[in-house]
Amino acid sequence: MECAGRRSRWLLWWWWGVVISGAVIVSCGGGNSLKAEEKLVVSRIAFGSCADQSAPQPIWNAIIKFDPQVFIWMGDNIYGDIKRPFKLFGKERTIGPWKNVPRFVPASQQEMEAKYKIIKTNPAYSSLRRSTKIIGTWDDHDYGLNDAGKEFGGKVSNQRLLLDFLDEPHDSPRRKQAGVYASYTFGPVGRQIKIILLDTRYHRDPLSSDGTILGSSQWAWLEKELKGPASAVTLIGSSIQVISNLSAVTHPLFSMESWGRFPKERDRLFKLIAESKRDGVFFISGDVHYGQITRYDCAVGYPLYDITSSGLTQAVEKVVPPPLHFIVRFLAWLAPSTMRVIGRNCRYKSCTYGQPNFGAIEIDWDATPVALKFEVRDINGLPVTGVHIPLSDLHAQSTNPVDNGKVGESQRHCSLEVSLPWIVKYRLSIFLFSAVAVLLLAWIGLNFVAILAFRLCLRKCKLD
């Protein structure tokens, strides 16, 4: 009886471990590890990015209510670097033509550890950790410095801090490789989900260099992963956007990091996916402080979606007072995007969402055909934009888009932002510069009228 009781307790703890881990295979650059005899069918995945550890984080309650089996950190999991205030004048000037110090500087290891601890001990996040498999990658602010790439000197020690935060086993190959990239496979054959998490920081060349993002070792690993055993669904996580290239239409106002700023690398990524003949691939991303879904139809024989969720605490509308939120939404609508998915499932006309949000992926394995639901959800767990498609839509089509009645939609999502006519591409900049010019002229005009009125009044007073 005592032996049977011990066996029952052991089986109970073993089963709970399988449910929590859910992973069939974890693969890093160094090889494979962790094989579970039972294979959990994953049907709900949540993800998020851009979580300022010092800000309130009520969104965890909505994520817990969604009840994901897997949660993916998509980068900026903390804001580890130190941001100096905007200063145009003074001894240390962070902006303007006479800027003499950088706006962002790295924090110490002790400061980084303290910031991770704030997030990790958050009661709601702690509750999520107890019921959900947590995996993730990093972006610039948890890498250690805003917009940093391979040149950043603190990347080795900060890699250890991130992996500690994610509870990566001490003997994991991920702790021995250069970079935090990894892949996970969940579920039984026929219902397998492969999650590939990229590292877009450790090996990245300078911005606008059109060099490499992943580096040679990570490219070799990624090719092996994509050309390996098939899976029903393949999710590729990139901390920066893959499909959208907002910088192409917002320059010279501001620029965002994305694969579009490394066109050779993005072409290489699309070509690798096409050559692998892998169906069911889509991307998730973060970084930009708003949520949206983008799509590109002319890379691999089926639409490639990129579900962007950013951020859990950081969002573009939070930088302006609530009465001015309509301006941010109008500018988001005005910014041209040939890749953005526009539909009736959007809360706002622009189909972007500038308040805190998280990404939600649902797979209905029992539907015929298998159904996919990609959504960005708000702080209450309500969808703000979404795409609902059969999994078969992410299979290479043997017919031409003209034959299946999707020619208009296909053409719409095949024009890259950089190829737009200049009057369309730069319409946001043209509008804003024109608005500033009109306001400036109006200000000059009002001042002229005021001065004229004052002179007339003065002359009248003298005559009286």
Side-chain angles (χ1 to χ4, degrees), residues 42-49 62-63 66 68 70 72 74 193-195 232-238 241-246 258 270 273 278-288 290-310 332-333 337-355 357-378 381-397 401 404-415 417:
V42 171
S43 57
R44 294 179 308 282
I45 299 171
F47 65 96
S49 64
I63 295 172
F66 176 62
V70 179
I72 308 172
M74 287 306 302
I193 299 177
K194 188 178 187 68
I195 298 177
V233 171
T234 300
L235 182 162
I236 300 178
S238 166
Q241 290 183 304
V242 179
I243 303 298
S244 175
N245 182 14
L246 188 65
S258 69
F270 292 159
I273 295 170
R278 197 174 192 92
D279 291 331
V281 176
F282 63 91
F283 299 101
I284 61 173
S285 56
D287 178 54
V288 291
Y290 58 82
Q292 70 173 20
I293 299 175
T294 49
R295 166 179 170 172
Y296 187 45
D297 292 340
C298 297
V300 300
Y302 58 84
L304 281 175
Y305 286 92
D306 186 354
I307 304 94
T308 300
S309 173
S310 175
W333 170 80
S337 176
T338 55
M339 303 300 161
R340 192 186 310 148
V341 175
I342 306 292
R344 289 172 293 179
N345 293 327
C346 300
R347 181 169 298 180
Y348 301 120
K349 193 173 182 180
S350 67
C351 283
T352 63
Y353 186 70
Q355 290 287 336
N357 60 84
F358 71 95
I361 298 164
E362 293 184 82
I363 307 164
D364 187 348
W365 296 107
D366 296 324
T368 305
V370 174
L372 283 177
K373 187 186 290 185
F374 305 142
E375 290 180 336
V376 178
R377 298 193 176 193
D378 67 13
L382 301 174
V384 295
T385 183
V387 172
H388 305 168
I389 56 171
L391 179 57
S392 56
D393 274 15
L394 302 187
H395 291 178
Q397 302 295 322
N404 59 27
K406 295 184 179 179
V407 61
E409 190 177 356
S410 179
Q411 287 177 343
R412 177 168 176 248
H413 293 287
C414 280
S415 300
E417 293 95 337

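When a residue number appears, it is its place in the shown sequence, counting from 1.
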* Report the distance from atom CD1 of I193 to atom CD1 of I45, rounding to the nearest 0.5 Å. => 4.5 Å
* Sequence-distant partners of H388, side chain to side chain donor-acceptor pair (under 3.5 Å), two or more places apart -> E375
Can you give me every donor-acceptor pair (side chain of residues 358-366, partner residue at least two apart or in another chain, under 3.5 Å) with its distance?
residue, atom, partner, partner atom, Å
E362, OE2, R377, NH2, 3.2
D364, OD1, D366, N, 3.1
D364, OD1, A367, N, 3.3
W365, NE1, V42, O, 2.9
D366, OD1, R191, NH2, 3.0

* Of all residues at least two apart in sequence or in a different chain, which pass the ring pair (Phe, Tyr, Trp, His ring centres under 6.0 Å) check with Y302? -> none
* Distance, nearest 0.5 Å, that separates NE2 of H413 from OG1 of T338 -> 8.5 Å
* Would you check, one step at a time, whether the test side chain to side chain contact (heavy atoms under 4.5 Å, CB included) holds for V281 with L304? => CA-CA 7 Å; V281 176; L304 281 175; 4.2 Å; yes
* Could you pull out all residues at least two apart from F66 that satisfy ring pair (Phe, Tyr, Trp, His ring centres under 6.0 Å)? => none
* Asked: Looking only at heavy atoms, which two atoms of I63 and A46 are closest? And how far apart?
  -> CG2-CB, 4.2 Å
* Asked: Can you name the closest pair of heavy atoms from G280 and L391 and give their distance?
  -> CA-CD1, 4.4 Å
* In chain order, what residues pass the ring pair (Phe, Tyr, Trp, His ring centres under 6.0 Å) check against F282, with sequence neighbours excluded? -> F374
* How long is the span from the CD1 atom in I342 to the SG atom in C351, to the nearest 0.5 Å? -> 4.0 Å
* List the atom of G291, the atom of N357, and the distance in Å for their closest heavy-atom pair. => N-ND2, 3.8 Å
* Asked: What distance do L394 atom CG and I389 atom CD1 have between them, rounded to the nearest 0.5 Å?
  -> 4.0 Å
* Asked: Who passes side chain to side chain contact (heavy atoms under 4.5 Å, CB included) against T308, sequence neighbours left out?
  -> Q241, S285, V288, Q292, D306
* With sequence neighbours excluded, what pairs up with D378 under the salt bridge (charged side-chain N to carboxylate O under 4.0 Å, His left out) test? -> R347
* Structure fact -> For E417, the salt bridge (charged side-chain N to carboxylate O under 4.0 Å, His left out) test, sequence neighbours excluded, returns none
* Expected output: side-chain D279 to main-chain A396 donor-acceptor under 3.5 Å -> yes
* Structure fact -> Sorted by chain and residue number, the side chain to side chain contact (heavy atoms under 4.5 Å, CB included) partners of Y348 (sequence neighbours excluded) come out as R329, S350, Y353
* Please report the closest heavy-atom contact between C346 and T385, naming both atoms and the distance. => SG-OG1, 3.4 Å
* Quick one: are V341 and Y305 in side-chain contact, heavy atoms under 4.5 Å? -> yes
* Rounded to the nearest 0.5 Å, how far does CD1 of I307 lie from CG of L235? -> 7.0 Å
* Residues two or more places apart in sequence or in another chain: which of them pass side chain to side chain donor-acceptor pair (under 3.5 Å) with S238? -> W259
* Is there a side chain to side chain contact (heavy atoms under 4.5 Å, CB included) between I273 and I236 once you walk through the steps? -> CA-CA 11 Å; I273 295 170; I236 300 178; 4.2 Å; yes
* Structure fact -> Smallest heavy-atom separation, S49 atom then M74 atom, equals CB-CB, 3.9 Å
* To do: Tell me yes or no: between the side chains of S310 and D287, is some donor less than 3.5 Å from an acceptor?
  => no
